[in-house]
2 protein chains.
Amino acid sequence: MFRTNTCGELRLSDVNKTVTLSGWVQRARKMGGMTFVDLRDRYGITQLVFSEDSNAELCEKASHLGREYVIQATGVVSERQSKNANIPTGDIEIIVSELNILNEAATPPFTIENNTDGGDDIRMKYRYLDLRREAVRKNLEIRHQMTMEVRRYLDSMNFIEVETPMLIGSTPEGARDFVVPSRMNPGQFYALPQSPQLFKQLLMVSGFDRYFQIVKCFRDEDLRADRQPEFTQIDCEMSFVEQEDVITLFEGMAKHLFKTIRGVELTEAFPRITWHDAMKYYGSDKPDTRFEMKFVELMDIMKGHGFGVFDSAEYIGGICAKGAATYTRKQLDALTDFVRRPQIGAKGMVYARVEADGTVKSSVDKFYSQEVLQQMKAAFAAEAGDLILILSGDDAMKTRKQLCELRLEVAQQLGLRDKNKFSCLWVVDFPLFEYSEEGRYMAMHHPFTSPKPEDIPLLDTDMGAVRANAYDMVINGVEVGGGSIRIYDSELQNKMFALLGFTPERAQQQFGWLLDAFKYGAPPHGGLAYGLDRWVSLFAGLDSIRDCIAFPKNNSGRDTMIDAPSVLDPAQLDELNIALNLKEGK
Amino acid sequence: MFRTNTCGELRLSDVNKTVTLSGWVQRARKMGGMTFVDLRDRYGITQLVFSEDSNAELCEKASHLGREYVIQATGVVSERQSKNANIPTGDIEIIVSELNILNEAATPPFTIENNTDGGDDIRMKYRYLDLRREAVRKNLEIRHQMTMEVRRYLDSMNFIEVETPMLIGSTPEGARDFVVPSRMNPGQFYALPQSPQLFKQLLMVSGFDRYFQIVKCFRDEDLRADRQPEFTQIDCEMSFVEQEDVITLFEGMAKHLFKTIRGVELTEAFPRITWHDAMKYYGSDKPDTRFEMKFVELMDIMKGHGFGVFDSAEYIGGICAKGAATYTRKQLDALTDFVRRPQIGAKGMVYARVEADGTVKSSVDKFYSQEVLQQMKAAFAAEAGDLILILSGDDAMKTRKQLCELRLEVAQQLGLRDKNKFSCLWVVDFPLFEYSEEGRYMAMHHPFTSPKPEDIPLLDTDMGAVRANAYDMVINGVEVGGGSIRIYDSELQNKMFALLGFTPERAQQQFGWLLDAFKYGAPPHGGLAYGLDRWVSLFAGLDSIRDCIAFPKNNSGRDTMIDAPSVLDPAQLDELNIALNLKEGK
């Protein structure tokens, strides 16, 4: 028996008990004739005390304990003279009579403290030490709690978790598939799933009625800050449902999670916004609604007054930053530089301050009379002390996206993106198709997404106007999940394939087994999938999903701790019936 | 809204309610002026009634409903004239006033009934239809319940579930690894984990204290009836524990599962048997202890009486089948043929019946006096009506394994392997090493398994006698899980590597990152892993793990439903920097 208690549980009520604790030495310090050791485990920190008077040898031994040594100590729980109100065990200490060094430790390459001196790279290489830090470990604890509560909630709603296969088939369009050579089937490959989409639809055909799975998915693509080659989805599907049923049930799950994980009771229904309005008012299909600052369109007011940039624009719109008229010229120049960065791509920015007396002072005063500027002010319902920022451009969608970036940046500067405030909403009525750069309509989600029944006639006349029974859940500007009602009528499905330019042969080749399954009685069904990593990051207040993943990969898809991926033994390649085919210069 | 209720929930108390149900047509039959339809969903079956008198058109429509059509019906709940006591909804029926065909269905290739006419191959190809059968679906429901209860129990014991990576590195000895080419790192490969063993040990170094994960693992090996290329483990690890702590906690989990999943309350501690005794008495490290029939060794009694086969044997042992003296000569010949099959490999079998008068009549009477046979009878504590079966051979271990097969076969024939009876035990004190066919000692589990402290001196003198702190949980002859206490002392670990023939360089190459981690303060730790598929099979009374997996693969590692694995597009291979390298004749 290595311990009677953990380092997080002893209290004043335990005084005089003889206990044994085990853990890591957070620090050891000598003071007068005493040695104090902070002993740490996952549950907390407890102070150990060694006294020269009572046992000089033991006290001396304790004073030589290095950081991160693993020790076992037995002693009597005792009330502390100087209590530490910052930790739950701060009222007591252990007067140690026996000390056992279980393992020594080399000096860690960075300090195991919440505020560490270790940079990203070194912490990733020694991730097992980084995980000792409470700041990192608690993210994993939140992750565990979240998956527990997701399962508890869905189980109570009659969902059953079904494991779908990891070794599946690649599709002709699966350019982002990770593939796995099969030794037993020479020349053939499995693929790792990008999502269990088709399997969950099969389970609906199988009558499973309510399915979920918390499941690893894989995508071989260039990585950004919030992407990982392997990521985790909360994947769900239901039968005999309409959009309203899905939204209601999963709004309930979100509220359950907010309550159990964050202690936030959300009583109101989540607002819903159409995709069209989301783009119009926020320039984004995942608007951050912790703050208002909606777009105001200014074409009617600002056009035709001789300011060439606006007069030739296809879109003029702006935001009103409450109380930001105090922004200096330097700050405004920095914002202009911000929107002109190539990633954002605006040509410039017009600004206007509402002065204390209500007059408007703008960067384009020479083109606009105070009367027009007052009309503009009224359009924003701006007040004295407010700052108005305006962008324009020859492509409304592109300009809106630029304005979205500006809105988020200004909100960040004004402290409006509070990580402890949560604003949830549903974005609905997505377009069924989007026009691709190759000049054809593509499915915005996937080809099984159902159009809104009332828009079906538009399939033949105005594809771009057809809305989908698709929905995203957005929290604080993060798309945490999304899904759709699926097509279950094979005639409509065939029409969709035709519209998307699939020949019947290609549809059969790519989705054959799902289409076959649908012949045997497919129920109406729909579902959604959440990105677990993103949702945990949000609840844990993290800037990157990497911080809520135990062993993440870097932007090159490498795990620097275990040094993977790596080269294989030629014999192993041979066994798998493959050979390397490296290009010049690689 | 597609339904107000499921097909499993309406009762007499619902009579006169107007309800809407949706589901699949199990069958439709016309009787007199009525049409009866059994409507099925995951929750049950409800009878729909259509009457010619009240609505001839609707009744006619209903009579044409095909099997597996998906329909929606609205009507009034009504008490049945002839109740069906076999189903929970058997007291009521729905007098239907509205019928909506949601989807037609082609005739299924086999009947969707518990006793289906479909063979294995066709059911696998159409697995989505097979899953509609209650007999199959309930296995998946048990699986879901089991994982819920495992998580509930472990969470209550302070375990946290941590996802370890799926894309890891291959090891030089990872011949059974599935590998994954990395597009971003040309010429390099990930491997899929055979188990998260090293990561869970890292998490202990990280101070996670109690970890678990229900996780997919992968092994690219030739498949047998109870193996799949991807399988699911309940993987667990704990810090600051000794063997007794691990066994106690996980015996608690097993009892929790028996109670919640099977309604079986196990109050006694699980028996423990040493590996040595398991081999001696059952010829197996996973003995089926639902019945006794322990081996009795007969060297002392049966040797030296002139029966050459026994006289030259290194091992003579037998079992006593209670009450089986009625076995005919034909049955005994069949048993002899059974043990002589090449998979078992015995040369022959000796049998002896205990007659009603207590005398023993054997197949080798001419070599043995009744006095010797009576000694033998006494050794078995055999009684009138019992049948004694004896094997011998020149290799004790091999002969024991043959006798084990015989024991299981006879028990099967005698109906002693009752799927509704459960016998659990721990097999402990495994040898640390096993002598391989290549003529050297190998780690029986893995090189991190801790020897028993009292056996450490034997490492230098008698490796074969060193026992490990390793344990398996066995239920009904199935090894459902196993694990060990790990070495956390680096000196002992280095000694183990040396004994196993690892050079320090090779140890570093293969396990470097774990050995590095251990330098920074490794706690004492140990754990175990359960095979979820096996355990579910056991609880569900299945003969193959395949039946508790939603989408299993066949013995060639193929998913015949989705036809995976499959060939890849040459462009995709090129993108991945690999080429096929097929051998002649493949």
Side-chain angles (χ1 to χ4, degrees), chain A residues 2-3 22 24 42 68 70 103 105-106 108 128 131-132 140 144 148 155 160-162 165-169 178 180 182-190 202 205-207 209 216 220 230 240 513 517 519-523 550-551 556-557 562 564-568 577-582 586, chain B residues 2-3 22 24 42 68 70 103 105-106 108 128 131-132 140 144 148 155 160-162 165-169 178 180 182-190 202 205-207 209 216 220 230 240 513 517 519-523 550-551 556-557 562 564-568 577-582 586:
Chain A
F2 281 99
R3 64 186 173 194
S22 290
W24 285 261
R42 188 184 115 202
E68 303 303 320
V70 185
N103 241 331
Y128 47 85
L131 287 171
R132 281 190 191 164
L140 278 297
H144 165 66
M148 285 298 296
D155 180 62
I160 80 169
E161 185 163 16
V162 178
M166 291 278 135
L167 298 171
I168 64 170
F178 281 107
V180 182
S182 166
R183 194 172 49 87
M184 277 203 283
N185 300 275
Q188 299 189 22
F189 293 77
Y190 302 102
L202 276 191
V205 173
S206 296
D209 206 75
K216 276 278 174 75
D220 190 6
E230 52 179 300
F240 302 114
W513 42 281
K519 290 177 192 153
Y520 295 98
F551 301 103
S556 314
I562 62 172
S566 59
V567 296
L568 287 188
N577 305 289
I578 57 173
L580 295 187
N581 175 26
L582 295 170
K586 276 197 180 170
Chain B
F2 281 99
R3 62 185 174 196
S22 290
W24 285 261
R42 189 183 113 203
E68 303 303 321
V70 186
N103 241 331
Y128 46 85
L131 287 171
R132 282 190 191 163
L140 278 298
H144 165 66
M148 285 299 296
D155 180 63
I160 79 170
E161 185 163 17
V162 179
M166 291 278 135
L167 297 172
I168 66 170
F178 282 107
V180 183
S182 166
R183 195 172 49 88
M184 278 203 284
N185 300 275
Q188 299 189 24
F189 293 77
Y190 302 101
L202 276 191
V205 173
S206 297
D209 206 74
K216 274 279 173 76
D220 189 5
E230 53 179 299
F240 302 115
W513 42 281
K519 290 178 191 151
Y520 294 99
F551 301 101
S556 314
I562 63 172
S566 59
V567 296
L568 287 187
N577 304 287
I578 57 174
L580 294 187
N581 175 26
L582 295 170
K586 277 195 179 173

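Residue numbering restarts at 1 for every chain, and letters A, B, ... go by the order of the sequence lines. The structure presented is a predicted model; accordingly, all values stated were derived computationally and were not measured.
A distance-only check finds no donor-acceptor pair linking the side chain of A:R132 to the backbone of B:G207 [under 3.5 Å]. Side-chain N or O atoms of B:H144 include none that pairs as donor or acceptor with a backbone N or O of A:I160 at under 3.5 Å. Not a single donor-acceptor pair under 3.5 Å links the side chain of A:D155 to the backbone N or O of B:M148. Under the 3.5 Å distance criterion, the side-chain polar atoms of A:Q188 are left unmatched by any main-chain donor or acceptor of B:V567. Judged by distance alone, with hydrogens and angles left aside, the side-chain atoms of B:W24 form a donor-acceptor pair with the main-chain N or O of A:G521 at under 3.5 Å. B:E230 places a side-chain N or O within donor-acceptor distance of the main-chain N or O of A:M166, the cut-off being under 3.5 Å. A donor-acceptor distance shorter than 3.5 angstrom exists from the side chain of B:N103 to the backbone of A:A522, with no hydrogens or angles considered.
When every heavy atom of A:R183 is checked against every heavy atom of B:D220, the shortest pair comes out as NH2-O, 2.7 Å. Of all non-hydrogen atoms in A:N577 and B:L582, the two that sit nearest each other are CB-CD2, 3.9 Å.
Note: A:Y190 and B:F178 have perpendicular aromatic rings, judged against thresholds of 30 and 60 degrees for the angle between ring planes.
A distance of 5.5 Å separates CD1 in A:I168 from CD1 in B:I562, rounded to the nearest 0.5 Å. To the nearest 0.5 angstrom, A:N581 atom CG is 11.5 Å from B:N581 atom CG.
With chain B as partner, the option from A:A106, A:G169, A:P165, A:S566 having the largest number of non-hydrogen pairs under 4.5 angstrom is A:S566. The residue among B:A564, B:A517, B:G557 with the most heavy atom pairs within less than 4.5 Å of chain A is B:A517. Here A:L167 is the residue among A:V205, A:L167, A:L202 with the most heavy-atom pairs under 4.5 Å with chain B.
With a threshold of 4.5 angstrom between heavy atoms, B:N185 approaches chain A through side-chain atoms but not through N, CA, C or O. In this structure, chain A has a heavy atom under 4.5 Å from the side chain of B:V162, while its backbone stays farther away.
Put simply, the side chain of A:F240 reaches to within 4.5 Å of the side chain of B:V70, judged on heavy atoms. Taking 4.5 Å as the limit, some side-chain heavy atom of B:Y128 sits within range of a side-chain heavy atom of A:Y520. Contact of the B:F2 side chain with the A:P523 side chain is not registered, since no non-hydrogen atoms from C-beta on lie closer than 4.5 Å.
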